Visitor: 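Pasting a structure here, questions to come.
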Protein chains: 2
Amino acid sequence: MKLEEAQQKFIQGWGQLGASWGINRTMAQIQAVLLLSPKPLCTDEIMEKLQISRGNANMNIRELVAWGVAYKSFIKGDRKEYYYSEKDMWELAKKVSRERKKRELEPLIKILGELQTIEGSSEEVKEMNKVVKSAGQMAKRAESMLDLVMKLEEKVFFKWFKRK
Amino acid sequence: MKLEEAQQKFIQGWGQLGASWGINRTMAQIQAVLLLSPKPLCTDEIMEKLQISRGNANMNIRELVAWGVAYKSFIKGDRKEYYYSEKDMWELAKKVSRERKKRELEPLIKILGELQTIEGSSEEVKEMNKVVKSAGQMAKRAESMLDLVMKLEEKVFFKWFKRK
DNA sequence: TTAAACTTTCAATTATTTCTGAAAATAAAA
DNA sequence: TTTTATTTTCAGAAATAATTGAAAGTTTAA
């Protein structure tokens with residue numbers, strides 16, 4: 001397989017993965033491009049590689065930087081900003097975990113917390129309280145798992161994990 | 001808080017969670033409605049509760065059943081089909097894990113496997129091979145984690161987990 | 001059979017999300 | 001300062017995804 005073709009496949013696959021995780025497909029593809037590049041890239045190079053507009057590139061690059069999965073880089077004598085990806089997959093996983101926890105788990109836990117005060121004795125109220133309780137329990141457990149992931153080092157985590 | 005209001009909040013929150021996981025919002029809301037109901041519901045009741053069309057309701061209910069997170073139920077003397085949700089959150093988590101593994105992790109692992117044969121010695125080829133290798137490693141680890149989740153019982157899993 | 005009750009499908013519509021490109025803003029150099 | 005390079009914004013356009021509703025399909029029972 002030729003390099004170009006392989007890169008294209010990787011970029012598509014990574015984009016697809018992002019999309020099914022509720023992450024903008026282009027954002028994930030930019031990340032893939034940065035992952036594959038041995039050196040930082042500027043906006044124009046990314047636009048060229050993915051055939052996208054400046055506005056689109058700019059917005060999604062900034063989002064990647066906000067997530068902490070890409071970084072800015074400056075080259076002396078050049079006014080352009082360059083970008084490179086976090087390449088450590090474990091670090092990447094941790095950053096994504098952190099964002100998703102913030103954006104999804106925490107709002108759910110908050111809502112569930114507010115719902116723990118329903119009064120009444122109808123079947124529906126009982127069912128509500130049961131569901132809220134068990135969902136809250138599950139969410140808290142998921143949260144503490146993510147906390148653990150984010151705290152431990154890769155080696156430690158997987159070594160521990162292998163204890164099965 | 002009144003029951004109606006609490007139910008509405010739960011349904012919205014659950015739908016939101018689903019949406020950010022790449023699951024159709026309505027599908028997640030139907031699941032929420034079924035979770036809250038002490039008894040199985042028919043299509044018309046779900047349409048009524050969520051104010052959606054028959055086609056929409058039908059399609060998403062079927063999808064929930066296909067995921068294995070809702071079940072059909074028949075009531076004697078009634079021709080309609082009724083549906084109820086899997087209510088065990090752990091079982092729910094396992095079912096969702098299974099689907100997501102199938103839909104996302106496996107395709108990625110397949111693609112990465114196909115990309116492990118790039119020849120050449122340029123910086124770009126080296127980078128490609130590095131990225132493919134580490135991504136593949138991470139994906140396989142995620143896979144074995146999900147396998148573990150799906151194999152163990154809730155109590156065992158969390159007890160084991162608490163060993164930290 | 002035929003009819004009634006219910007489920008499924010799908011073309012057309014509507015809603016939502018993403019993308020573009022040009023203008024405005026910002027920052028560095030002349 | 002003024003000019004030039006670069007980044008950012010955002011209204012409208014385009015693309016994508018979700019939804020509707022009516023017709024077709026199925027199943028049960030009279």
Side-chain angles (χ1 to χ4, degrees), chain A residues 11-12 14-34 40-67 70-84 99 103-104, chain B residues 11-12 14-34 39-67 70-84 99-100 103-104:
Chain A
I11 291 167
Q12 296 310 316
W14 200 260
Q16 182 50 49
L17 183 73
S20 62
W21 273 72
I23 288 164
N24 181 306
R25 170 179 266 97
T26 302
M27 178 172 158
Q29 289 181 335
I30 293 175
Q31 170 89 242
V33 167
L34 295 179
L41 300 176
C42 69
T43 303
D44 291 81
E45 290 168 316
I46 293 167
M47 286 165 61
E48 161 67 20
K49 197 88 177 178
L50 293 176
Q51 294 292 303
I52 58 175
S53 73
R54 183 171 305 282
N56 194 8
N58 182 267
M59 227 152 65
N60 286 110
I61 290 169
R62 279 150 55 66
E63 190 70 1
L64 286 174
V65 173
W67 276 57
Y71 309 100
K72 280 192 190 185
S73 157
F74 298 92
I75 293 179
K76 62 185 172 190
D78 193 334
R79 260 159 80 172
K80 280 207 277 298
E81 289 175 353
Y82 288 79
Y83 306 91
Y84 61 100
E99 284 299 316
R103 285 160 203 244
E104 294 150 31
Chain B
I11 291 167
Q12 295 311 316
W14 199 261
Q16 182 50 49
L17 183 73
S20 62
W21 274 70
I23 289 164
N24 181 307
R25 170 179 267 96
T26 301
M27 179 174 156
Q29 289 181 336
I30 293 175
Q31 170 88 243
V33 167
L34 294 180
K39 61 181 203 348
L41 299 176
C42 68
T43 304
D44 291 79
E45 291 169 316
I46 293 168
M47 287 165 61
E48 161 65 22
K49 196 89 177 173
L50 293 175
Q51 293 292 303
I52 58 177
S53 72
R54 183 171 305 284
N56 194 8
N58 182 267
M59 225 153 67
N60 286 110
I61 290 169
R62 278 150 55 66
E63 189 70 1
L64 286 174
V65 173
W67 277 56
Y71 310 100
K72 279 192 191 186
S73 158
F74 298 92
I75 292 180
K76 62 186 173 189
D78 192 334
R79 261 158 81 174
K80 281 206 276 298
E81 289 174 353
Y82 287 79
Y83 307 92
Y84 61 100
E99 284 299 316
R100 295 186 74 81
R103 285 161 201 244
E104 295 150 30

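Just so we're clear, the structure is a prediction, and the values are computed from it rather than from any experiment.
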Visitor: Is there a side-chain contact between A:Asn24 and A:Glu63, using heavy atoms and a 4.5 Å cut-off?
Guide: no

Visitor: With respect to the phosphate group of D:dT19, does any side-chain polar atom (N or O) of B:Asn24 fall under 4.0 Å of OP1 or OP2?
Guide: yes

Visitor: A:Arg79 side chain: which of C:dA5, C:dT7, D:dT6 is closest?
Guide: D:dT6

Visitor: Using atom CD1 of B:Ile52 as one end and atom P of C:dA15 as the other, report the distance to the nearest whole Å.
Guide: 16 Å

Visitor: In whole Å, what is the span from the CE atom of A:Met59 to the C1' atom of C:dT17?
Guide: 10 Å

Visitor: May I ask you to evaluate whether A:Thr26 reaches the phosphate of C:dT18, defined as a side-chain N or O under 4.0 Å from OP1 or OP2?
Guide: no

Visitor: Just how far, in rounded Å, is P of D:dT7 from CD of A:Glu45?
Guide: 11 Å

Visitor: Looking at D:dT4, C:dT20, C:dA4, which one has an atom nearest to any side-chain atom of A:Ser53?
Guide: C:dT20

Visitor: Indicate, yes or no, whether a donor-acceptor pair under 3.5 Å links the base of C:dT7 to the side chain of B:Arg54.
Guide: no

Visitor: In whole angstrom, give the distance that lies between atom CG of B:Asn60 and atom C1' of C:dT8.
Guide: 14 Å

Visitor: Nearest whole angstrom, please: distance from the P of D:dT28 to the CD1 of B:Ile75.
Guide: 16 Å

Visitor: Which whole-number value in Å describes the distance from B:Leu50 CG to D:dA18 P?
Guide: 16 Å

Visitor: In plain terms, say whether A:Glu99 and A:Arg103 are close enough for a salt bridge, that is, a side-chain N and a carboxylate O under 4.0 Å apart.
Guide: yes

Visitor: For B:Arg25 versus B:Ala19, what's the shortest heavy-atom pair and its separation?
Guide: NH1-CB, 3.8 Å

Visitor: Any salt bridge linking B:Lys80 with B:Asp44? Criterion: basic side-chain nitrogen under 4.0 Å from a carboxylate oxygen.
Guide: no

Visitor: Between B:Lys80 (NZ) and C:dT8 (C1'), how many Å, whole number?
Guide: 17 Å

Visitor: By nearest heavy atom, map A:Asn56 and B:Gln51 onto DNA chain D; which one lands nearer the 5' end?
Guide: A:Asn56

Visitor: Return yes when atom CD of A:Glu48 has more than 12 non-hydrogen atoms of other residues, nucleotides or ligands closer than 6.0 Å, and no otherwise.
Guide: no

Visitor: State which of D:dA29, C:dA28, C:dT7 makes the closest approach to the side chain of B:Glu81.
Guide: C:dT7

Visitor: Using whole Å, what does the distance between atom P of nucleotide C:dT18 and atom CZ of A:Arg25 come to?
Guide: 10 Å

Visitor: Both A:Arg62 and B:Met27 contact DNA chain D. Taking the nearest nucleotide for each, which residue is further toward the 5' end?
Guide: A:Arg62

